[in-house]
Amino acid sequence: MDVILAKSAGFCYGVERAVKLARQTAEEKGGCVMLGSIIHNANVVAELEALGARQVDHTSQVRPGEAVIIRSHGEKKNVMDYLAGIGAECINATCPNVLRIQQLVAKADEEGRIPVIIGEPQHPEVMGVASWSDHSLIFDGPQELENWLQEDPNRCHLPLTMVAQTTCIRTIWESSEEILKKQCTNAKIFDTICNATYRRQTEAAEIAATVDAMVVVGDRKSANTKHLTEICSGRCSAVVQIEQAGELSSDFFNGCSVAGLTAGASTPAGIIKEVYTTMSEEIKTTEAMEESFEEMLEKSFKTLNTGEKVTGIVTSVGPTEVQVDLGCKQAGYISVDELSADPNVKPEDVVKVGDEIETYIIRVNDVEGYAMLSKKRLDAVKVWEDIEVAREEKTTLEGKVTEENKGGIVVNVKGVRVFVPASQSGQPRGTDLSTMIGQTVSLRITEVNRARRRVVGSIRAVTYEARQAAQAEIWANIEEGKRYTGVVKSMTSYGVFVDIGGVDGMVHISELSWSRIKTPAEVVSVGDTLDVYVISFDAEKHKISLGVKDRSCNPWDKFMETYQVGDVASVRIVKLMDFGAFAEVVPGVDGLIHISQIADRRIDKPGDVLSEGEIVDAKITAIDEEKQKISLSIRALLAPAAEEYDD
């Protein structure tokens with residue numbers, strides 16, 4: 001039979017630390033007092049008692065001045081106060097994770113908030129945590145929490161701070177968290193499930209789902225062992241919980257080809273080895289396991305050092321910190337200030353539970369069993385490396401303009417300040433560079449001085465190359481009639497220059513509109529977007545003639561469809577000449593009103609009667625389709641009939 005041993009089986013950091021403190025104290029002081037079961041394991045407690053660690057069940061049994069070991073589950077606040085009052089020497093072996101929950105509850109009490117604890121109400125850890133506030137509420141799961149909230153609608157507006165028992169099953173916690181987030185308007189939530197517990201539960205579930213039988217080792221009073229058994233039972237039909245190898249029955253493994261083995265946090269390595277040996281049929285397998293188990297145990301207690309780079313798995317994301325499983329007994333924490341260079345970023349936007357994350361260790365507290373980590377500092381180092389590589393390889397980086405500086409602008413590239421001189425900003429001389437603040441720009445790194453933390457970049461280098469590439473693309477594919485969407489870059493009296501993607505083309509004033517216009521400003525402005533087409537081009541001289549007028553909508557055709565000789569049209573006077581006036585019949589089509597057809601009397605010049613822009617009625621007297629010319633007459637509409645015009 002193959003046996004799969006969970007890597008996380010056995011003592012967690014908190015239990016290991018508590019046992020070690022009890023053993024050292026008993027040996028150094030010739031005896032001590034264990035207040036309650038220091039851990040939920042009768043074998044370990046018996047071993048400690050043999051060393052002189054006397055177990056008592058009540059504070060009244062503690063003599064003044066005695067050394068008292070506070071169990072890994074922690075104690076009630078009034079117990080700690082009593083021991084201090086009688087002068088007892090307290091060796092606090094409370095698990096660092098439990099200690100943190102006590103601190104969160106105490107802080108909530110100071111802030112006038114109500115602590116909500118998700119866990120087993122009668123468990124020593126939960127009872128101890130709850131004692132650090134006079135207002136603590138304990139719920140064993142989401143249903144009980146929801147019932148309490150619904151009993152009084154006003155409770156949804158109370159200032160609540162929710163924490164979890166370190167050994168809480170994650171699905172119970174997540175369901176409770178979801179209820180509080182949906183129903184409460186003033187809640188602070190701290191995921192305080194122990195890293196080791198979460199890792200142990202996850203691993204046990206994965207193994208149980210793949211084996212024929214599952215063995216869980218641990219004291220029957222241990223909450224985390226009981227939870228392991230519950231989790232495994234949901235994934236494997238044959239699960240047994242034992243305290244030692246002698247409880248195993250060979251019949252349990254009948255027909256079993258693969259079995260799984262895990263153990264609670266209070267189970268010593270020796271007991272796990274004994275159970276493994278009993279389960280295994282091959283001596284060689286057992287010997288190999290003993291060696292690998294020792295290696296695994298050694299690895300789990302690996303030393304963490306300040307300044308080291310470590311990789312872990314995100315197990316919890318809270319509003320103020322991120323919890324990371326580093327694969328060892330110490331818990332890893334990243335405060336929100338050390339998560340990102342962006343001070344406004346939310347933790348959930350940076351990482352999610354289950355993400356693998358690489359960080360720096362900035363502080364290790366072996367006494368309390370945690371390591372403070374920084375993702376921001378490691379990211380900063382990587383960014384500097386990326387920037388140096390970008391300068392060498394002339395690659396393009398992106399950043400956001402954060403400020404206007406003397407002589408240029410500052411661009412934030414992944415947390416590093418890059419100075420861009422005004423001449424390299426890509427903007428015309430004299431431009432107000434403050435308008436660029438907030439824009440995302442592409443730039444090329446031109447200078448890096450890591451010692452002085454100085455980086456210089458150029459936006460112009462990127463835009464120049466982009467424009468060169470765009471120009472090459474235009475000239476490689478240009479052809480007459482091809483359409484482009486362009487931007488008006490400048491204007492003259494005879495037309496406008498339009499950028500069609502890196503290349504400027506000229507639209508003559510006559511091509512801007514079918515209507516007669518005096519200046520381009522009548523129809524377009526600098527910065528306008530125009531749909532244009534190529535009339536002609538000279539690749540050698542790099543000249544392009546563009547048009548805007550839609551040739552498919554010829555205004556002459558529209559005129560011919562609308563009018564015929566004898567019709568009367570409302571026309572606009574567009575130009576006065578000595579011999580008459582030109583009038584627009586439809587946009588893009590003008591007709592001539594000869595001076596003799598302007599009035600029913602002799603006039604010296606058209607301006608005596610008409611003015612440019614005036615709207616008048618005129619009769620169409622002749623149409624020359626071949627030359628596209630129209631003759632108009634105002635005189636023909638005047639009554640009574642005028643006398644013949646005498647030349």
Quiz item: Any sub-3.5 Å donor-acceptor pair from R54's side-chain atoms to V33's backbone N or O?
Solution: no
Exercise. Would you check, one step at a time, whether the test side chain to side chain contact (heavy atoms under 4.5 Å, CB included) holds for I101 with T166?
Key: CA-CA 9 Å; I101 305 174; T166 55; 3.6 Å; yes
Quiz item: Quick one: does V322's side chain get under 4.5 Å of S316's, heavy atoms only?
Solution: no
Self-check item: Distance, nearest 0.5 Å, that separates OH of Y360 from NZ of K309
Solution: 5.5 Å
Quiz prompt | N-O pairing of E338 and K375 below 4.0 Å | solution = no
Quiz prompt | Test log, rule side chain to side chain contact (heavy atoms under 4.5 Å, CB included), inputs V215 and L248 | solution = CA-CA 9 Å; V215 176; L248 277 177; 4.1 Å; yes
Quiz item: Donor-acceptor pair, D325 side chain versus T315 backbone, under 3.5 Å?
Solution: no
Quiz item: What's the shortest heavy-atom distance between T25 and C32, and which atoms?
Solution: CG2-CB, 3.8 Å
Quiz item: Does the pair F139 and I172 meet the rule for a side chain to side chain contact (heavy atoms under 4.5 Å, CB included), with working shown?
Solution: CA-CA 11 Å; F139 301 104; I172 291 177; over 6 Å; no
Self-check item: Closest approach of S374 to I362 (non-hydrogen atoms, all atoms of both residues)
Solution: CB-CG2, 3.8 Å
Quiz prompt | For the student: nearest non-hydrogen atoms of H157 and N186, plus distance | solution = O-CB, 4.2 Å
Practice problem: Could you tell me which non-hydrogen atom of G332 sits nearest to which non-hydrogen atom of L326, and how far apart they are? | Solution: CA-CD1, 4.2 Å
Quiz item: In terms of ring plane angle, is the pair H123 and H73 parallel, tilted or perpendicular, where the classes change at 30° and 60°?
Solution: perpendicular
Quiz item: Is there a donor-acceptor pair under 3.5 Å between the side chain of R454 and the backbone N or O of R450?
Solution: no
Quiz item: Any ion pair linking E66 and K29 (charged N to carboxylate O, less than 4.0 Å)?
Solution: no
Practice problem: Could you tell me whether the side chain of T359 and the main chain of L373 form a donor-acceptor pair under 3.5 Å? | Solution: no
Quiz item: Which residues satisfy the salt bridge (Lys or Arg N to Asp or Glu O under 4.0 Å) test with E47, sequence neighbours excluded?
Solution: R23
Quiz item: With a 4.5 Å limit on heavy-atom distance, are the side chains of D140 and L145 in contact?
Solution: no
Quiz item: Distance-only, no hydrogens or angles: does the T229 side chain make a donor-acceptor pair with backbone N or O of T225 under 3.5 Å?
Solution: yes
Practice problem: Answer yes or no: is there a side-chain heavy-atom contact under 4.5 Å between R113 and K188? | Solution: yes
Practice problem: Using a strict cut-off of less than 4.0 Å between a Lys/Arg side-chain nitrogen and an Asp/Glu carboxylate oxygen, indicate whether E247 and R220 qualify as a salt bridge. | Solution: yes
Quiz prompt | Ion pair check, E203 and K7, cut-off under 4.0 Å | solution = no
Practice problem: Enumerate the residue pairs fulfilling salt bridge (charged side-chain N to carboxylate O under 4.0 Å, His left out) with a member in residues 144-161, sequence neighbours excluded, ordered by first and then second residue. | Solution: E151-R155
Quiz item: Between E120 and K226, is a salt bridge (Lys or Arg N to Asp or Glu O under 4.0 Å) present by the stated rule, with each step listed?
Solution: CA-CA 12 Å; E120 301 174 45; K226 183 182 69 174; 3.3 Å; yes
Self-check item: Pair K181 + E174: basic N to acidic O under 4.0 Å
Solution: no
Quiz prompt | I334 and V324, any side-chain heavy atoms less than 4.5 Å apart | solution = yes
Practice problem: Using only heavy-atom distances, determine whether the side chains of S133 and H135 contain a donor-acceptor pair under 3.5 Å. | Solution: no
Exercise. Could you tell me the separation between the CD atom of Q165 and the CG atom of N224, rounded to the nearest 0.5 Å?
Key: 9.5 Å
Quiz item: Say you draw a straight line from CG of L378 to CD1 of I361; how long is it, rounded to the nearest 0.5 Å?
Solution: 11.0 Å
Quiz item: Measuring from T59:OG1 to N78:CG, what's the distance to the nearest 0.5 Å?
Solution: 8.0 Å
Quiz item: Checking side chain to side chain contact (heavy atoms under 4.5 Å, CB included) for the pair T161/I114: CA distance, chi angles, key distance, verdict?
Solution: CA-CA 6 Å; T161 295; I114 301 173; over 6 Å; no
Quiz item: To the nearest 0.5 Å, what is the distance between OG (S233) and CG (L228)?
Solution: 10.5 Å
Quiz item: Just by modelled atom types, is the T167 backbone N or O under 3.5 Å from a matching donor or acceptor in the H227 side chain?
Solution: yes
Self-check item: D386 bridged to K382 by N-O distance under 4.0 Å
Solution: no
Quiz item: Okay, side chain of S175, backbone of T171: is any donor-acceptor separation there less than 3.5 Å?
Solution: yes
Quiz prompt | Closest non-hydrogen atom pair, V98 against S72 | solution = CG2-O, 4.0 Å
Practice problem: Would you mind reporting whether I313 and I357 have side-chain heavy atoms less than 4.5 Å apart? | Solution: no
Practice problem: Please indicate whether R417 has more than 12 foreign heavy atoms, meaning atoms of other residues, nucleotides or ligands, lying under 6.0 Å from its CZ. | Solution: no
Quiz item: Do the side chain of S131 and the main chain of K77 share a donor and acceptor less than 3.5 angstrom apart?
Solution: yes
Quiz item: Hey, does the side chain of T210 reach the backbone of I207 with a donor-acceptor pair shorter than 3.5 angstrom?
Solution: yes
Quiz item: Taking D349 for the side chain and V345 for the main chain, is one N or O donor matched with an acceptor at less than 3.5 Å?
Solution: no
Exercise. Find out whether V411 and T402 are in side-chain contact, i.e. whether some heavy atom of one side chain is under 4.5 Å from a heavy atom of the other.
Key: no
Quiz item: Roughly how far apart are Q102 CD and L104 CG, rounded to 0.5 Å?
Solution: 10.5 Å
Quiz item: Can you check whether P268 reaches I271 side chain to side chain, under 4.5 Å on heavy atoms?
Solution: yes
Quiz prompt | Ion pair K376/D337, N-O distance below 4.0 Å | solution = no
Self-check item: Basic-acidic side-chain contact under 4.0 Å: E125, R71
Solution: no
Quiz item: Below 4.5 Å, heavy atoms only, C-beta onward: do D379 and K414 meet side chain to side chain?
Solution: no
Quiz item: C184 and L149: which non-hydrogen atoms are nearest, and at how many Å?
Solution: SG-CD2, 3.8 Å
Exercise. Take E177 and K182 through the salt bridge (Lys or Arg N to Asp or Glu O under 4.0 Å) test and state the conclusion after the steps.
Key: CA-CA 9 Å; E177 182 182 28; K182 284 184 178 180; over 6 Å; no
